[in-house]
Amino acid sequence: SAELDTTSIGRRLAWHLDQLAEVMTVVPTVKSRGRSVDIRLEIEAAPDVDIPLKTDEVVQVTHEVVEVELGLKLGKLDVQMRCAPFEPDWVG
């Protein structure tokens, strides 16, 4: 039998989610609950991101990493998505 630290799960998840287009930062919080893990994701995305589409993609990747790659059961998943501020275009 093997154990996987929740920090390692968070790191793996953050790495995969950070590879997605328009995702700028990922801060995962992973809590073990028996045979499953509850995950809270704080994600900052590009200012012009399609939030519903990106949220669906984040949920899909999270499910894939946790259940398929790591062989764990995904419990509660809470995704907090926010957009980065628009940068003003400076004309000189």
Side-chain angles (χ1 to χ4, degrees):
S1 118
E3 289 184 21
L4 185 58
D5 182 57
T6 55
T7 304
S8 296
I9 297 167
R11 283 187 194 132
R12 163 94 47 114
L13 200 50
W15 185 85
H16 280 280
L17 293 171
D18 197 43
Q19 304 303 308
L20 298 177
E22 301 173 317
V23 170
M24 299 169 69
T25 61
V26 179
V27 179
T29 303
V30 181
K31 293 183 181 175
S32 176
R33 193 173 50 122
R35 293 179 168 247
S36 66
V37 288
D38 291 341
I39 298 175
R40 181 171 198 267
L41 299 170
E42 294 181 41
I43 296 179
E44 185 175 52
D48 59 346
V49 69
D50 180 334
I51 291 179
L53 188 63
K54 190 54 61 179
T55 301
D56 288 346
E57 187 177 11
V58 165
V59 169
Q60 179 184 354
V61 169
T62 300
H63 183 273
E64 175 94 10
V65 169
V66 172
E67 295 201 347
V68 177
E69 290 186 17
L70 299 176
L72 302 169
K73 174 98 170 107
L74 181 59
K76 188 169 129 184
L77 175 59
D78 180 24
V79 179
Q80 302 291 316
M81 181 86 64
R82 69 176 173 272
C83 296
F86 280 96
E87 294 293 326
D89 291 328
W90 296 101
V91 179

ILVMFWY cluster, V59 and V26 together (side-chain gap under 4.5 Å) = yes
ask   = So V49 and I51, side chain to side chain contact (heavy atoms under 4.5 Å, CB included) or not? Walk me through it.
value = CA-CA 6 Å; V49 69; I51 291 179; 4.0 Å; yes
ask   = Out of curiosity, I9 CD1 to L72 CG, how far, rounded to the nearest 0.5 Å?
value = 5.0 Å
Verdict with supporting geometry, E69 and R12, side chain to side chain contact (heavy atoms under 4.5 Å, CB included) = CA-CA 10 Å; E69 290 186 17; R12 163 94 47 114; 3.5 Å; yes
side-chain hydrogen bond (donor to acceptor under 3.5 Å, both in side chains) contacts in which one or both residues fall within residues 47-61, not counting sequence neighbours = K54-E57
note = Between the CD atom in E42 and the OG1 atom in T29, the distance rounded to the nearest 0.5 Å is 6.0 Å
ask   = If Ile, Leu, Val, Met, Phe, Trp and Tyr residues are connected whenever their side-chain heavy atoms lie under 4.5 Å apart, and connections chain through other members, are L20 and V65 in the same group?
value = yes
ask   = Hey, are K76 and D38 close enough for a salt bridge, meaning a charged N less than 4.0 Å from a carboxylate O?
value = no
message = On a heavy-atom basis, which atom in P85 and which in P47 lie closest, and how many Å separate them?
response = O-CG, 3.7 Å
task = Could you tell me which non-hydrogen atom of L74 sits nearest to which non-hydrogen atom of H63, and how far apart they are?
result = CD2-CA, 4.2 Å
task = Compare every heavy atom of A45 with every heavy atom of M81, then report the nearest pair and how far apart it is.
result = SD-CB, 4.1 Å
task = Taking all non-hydrogen atoms of both residues into account, name the closest pair between A84 and E44 and its distance.
result = CA-OE2, 3.8 Å
request  = Might you point out which heavy atoms bring P28 and L41 nearest each other, and give the distance in Å?
outcome  = CB-CD2, 3.7 Å
Heavy-atom pair with the smallest gap, counting every atom of L13 and T62 = CD1-CA, 3.8 Å
